[in-house]
Amino acid sequence: MTDKPRLRFAPSPTGYLHIGGVRTALFNWLWARKTGGAFVLRIEDTDQERSTPESRQIILDSLRWLGIDWDEGPEVGGAFGPYTQMERLAIYAEHAERLIREKKAYRCYCTKEELQAQREALKAKDPKAEFKYPGTCRDRADQPDRPYVVRFKTPSEGAVVYRDMVFGEVKTPNSAQQDFVLLRSDGIPLYNFGAVVDDITMGITLVARGRDHMVNTPPQIMLYEALGARLPGFAHLPMMLNQKGAKLGKRDGAVSVFEYRDAGFAPDAVLNYLVRFGWSHGDQEVFSKADLIQAFGWDACGRGDGKFDPKKFLAINHEHLKTSRLMGDDDYARSTLTFLEKREGLVGVSLERVKAAAFMIRERATTFVDAAERLDFVFRDEPVFDADAVKKTLTAEAVPRLQGLIGCLEPAAEWTEAALEKAVTDHVAGSGQAMKDVAAPARVALTGKTASPGLFQVMFVLGRDATLGRLRKAAAIAGGA
RNA sequence: GGCCCCAUCGUCUAGCGGUUAGGACAUCGGCCUCUCACGUCGGUAACGCGGGUUCAAUUCCCGCUGGGGUCGCCA
């Protein structure tokens, strides 16, 4: 084994990939990429009630969409596999047996029901009291032929102290712990045990995860020690909270990666927004993926929880969409294309045409959904007219203005943005009109809306025939035809 | 309630003893302008409270208050 860092992301396949999970994956991934270490993906599917194959696939697809690739894990393999916990049951059993043999763990025959009854009895007596497993089976010598769980013999004295890479020294008294369960009665491990055994056997050197896991670290450290394993580093990340300041959950609007994908966000923009939760780099707000790998470090991680802000997220996405350094023209066109293809009734949509038209909406569109909508008029035989816009601008007095414009454009020798602008500007000035009076009906004629890209860009992209055709049609509408 | 953690503009944050407390998003004005944007100029807006330590605290220490996490045969 080398001394290169080995990090992991270990989601449970119980639903969509949550953006909080993405943030965790991202920090691990960034550090692995920065250091040349390994990023391991492990599926923790030991919750048989909630884990589904569909969810597992969603997680893999989400990470791939984000561009977070794993060096070892599902569909990739690796020397420390399998990377799915339900395929590692024998490994957990073996480790549990060893702990039992060494008297560091024991078989507990108390049933779930018995424990639940004890829990409720205590609650009835003292609602504030904390229930702890009383150690009923801790020292029993017999081995009845009944189902049992394996419990860890937690030391009651002393404390666990560790140095967290972002929070510094954390000290927890052992009295806060109890004899927690390692293995269920069906032989499936519980989180702390499964995670530790895997992290040991997979050679994980740094565990970075959300702060909600901080409470798991002391018992996990006890397990490392009991198993005689070398301790990894620990880095806990502050929480992402909703706007009300509570843990981000399903009720808090878009929280799954796919919702952002479907809303037309760029993967790098998602990473850019999420990385700023708990990490900063001076005053820099905008980062490409390469920037992040270059700049990331644990030193610059903060400890305060953050509240999710959809507005800033959108702004960061907008920044990524309009900046060619962050997203190349080809990628931009390809993404826009996929959203155009979802729209009904469009004609002539092709990557080439999208690429040729995209320049006029890039600085305007905040998402790819927005981009597709702004480009909609380009890919129709006739624009979709906004009724209010027509009523407001295609009036009787617009008729001569449109006709004048048509007259000025018909003889145009050169159909370029600059030539069109000059021709129209000269025509408007020469006829004593105001540009806005001519532009307003022309805009609605060409795009169907009162808001659009620059008029001359629109004319250029539409081309001579479509431009003149739309203007004539609008003149007819305005004339009451 | 026990244990753990946190605390700078509304939000994300910079700050690592001496600053007019900076940036970004949001917000409010102005400019630009064929609309919408972009861009640009400017404004409003923060160190939770109380003790220490120090010549000097946003910064270091303690307490308080406030907030969050977690207390399962979930992860």
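Residue numbers start from 1 in every chain, and the chains themselves are labelled A, B, ... in the order their sequence lines are given, proteins ahead of strands.
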Checklist entry - Where does the angle between the aromatic ring planes of A:F296 and A:W279 fall among parallel (under 30°), tilted (30 to 60°) and perpendicular (over 60°)? => result tilted

Checklist entry - Can you give one letter per nucleotide of nucleotides 37-42 of chain B, going 5' to 3': B for a protein heavy atom under 4.0 Å from the base, S for sugar-phosphate only, - for none? => result BSS---

Got a list of protein N/O to nucleotides 44-49 of chain B N/O distances below 3.5 Å?
none

Item to check | Residue whose nearest RNA chain B nucleotide is more 5′ - A:V170 or A:V181 | outcome: A:V170

Next on the checklist: Taking donor-acceptor contacts at under 3.5 Å, does the side chain of A:E130 reach the base of B:rG1?
Outcome noted: no

Checklist entry - With distance as the sole criterion, do the side chain of A:D283 and the base of B:rG22 form a donor-acceptor contact below 3.5 Å? => result yes

Checklist entry - When you check the side-chain N and O atoms of A:R443 and A:S452, is any donor under 3.5 Å from an acceptor? => result yes

Item to check | Listed nucleotide nearest any side-chain atom of A:S452, set B:rC34, B:rU35, B:rG23 | outcome: B:rU35

Checklist entry - For the ring pair A:Y106 and A:F152, is the centre-to-centre distance below 6.0 Å? => result no

Next on the checklist: So if I take every side-chain heavy atom of A:R443 and compare against B:rG23, B:rU35, B:rG69, which nucleotide ends up nearest?
Outcome noted: B:rU35

Next on the checklist: At less than 3.5 Å, do the side-chain atoms of A:K311 and the base atoms of B:rA26 form a donor-acceptor pair?
Outcome noted: no

Checklist entry - B:rC25, B:rC12, B:rU70: which one has an atom nearest the side-chain heavy atoms of A:D212? => result B:rU70

Checklist entry - What is the nucleic acid contact for A:C110, judged by heavy atoms within less than 4.0 Å: base, sugar-phosphate only, or nothing? => result base

Next on the checklist: Ring of A:Y148, cation from A:R107 - is the NZ or CZ under 6.0 Å from the centre and inside 45° of the axis?
Outcome noted: yes

Next on the checklist: Just checking A:F180 against A:F193, ring centres under 6.0 Å apart?
Outcome noted: no

Checklist entry - Is the distance from OP1 or OP2 of B:rA14 to the nearest side-chain N or O of A:S280 less than 4.0 Å? => result yes

Next on the checklist: Mind checking if A:H281 touches a base, just sugar-phosphate, or nothing, with heavy atoms under 4.0 Å?
Outcome noted: nothing

Next on the checklist: For a quick check of understanding: with a heavy-atom distance under 4.0 Å over all strands, which category does A:L190 fall into, base, sugar-phosphate or nothing?
Outcome noted: sugar-phosphate

Checklist entry - Taking CZ from A:R184 and C1' from B:rC74, how many angstroms apart are they, rounded to a whole number? => result 7 Å

Checklist entry - More than 12 heavy atoms of other residues, nucleotides or ligands under 6.0 Å from CD of A:Q48: is that the case? => result yes

Next on the checklist: Suppose the criterion is salt bridge (Lys or Arg N to Asp or Glu O under 4.0 Å): which pairs have a residue in residues 358-369 of chain A, not counting sequence neighbours?
Outcome noted: A:D329-A:R362

Checklist entry - If you look at every strand shown and take non-hydrogen atoms under 4.0 Å, does A:S185 touch a base, only sugar-phosphate, or nothing? => result base

Item to check | Sugar-phosphate, base or nothing in reach of A:F277, heavy atoms under 4.0 Å | outcome: sugar-phosphate

Item to check | Nearest-angstrom distance from the residue atom CG of A:D426 to P of B:rC34 | outcome: 14 Å

Checklist entry - Going by modelled atom types, is there a donor-acceptor pair between the base of B:rG72 and the side chain of A:R119 at under 3.5 Å? => result no

Item to check | Per A:M435 side chain, nearest of listed nucleotides B:rC74, B:rC34, B:rC4 | outcome: B:rC34

Checklist entry - Is it true that A:Y191 and A:H213 have ring centroids separated by less than 6.0 Å? => result yes

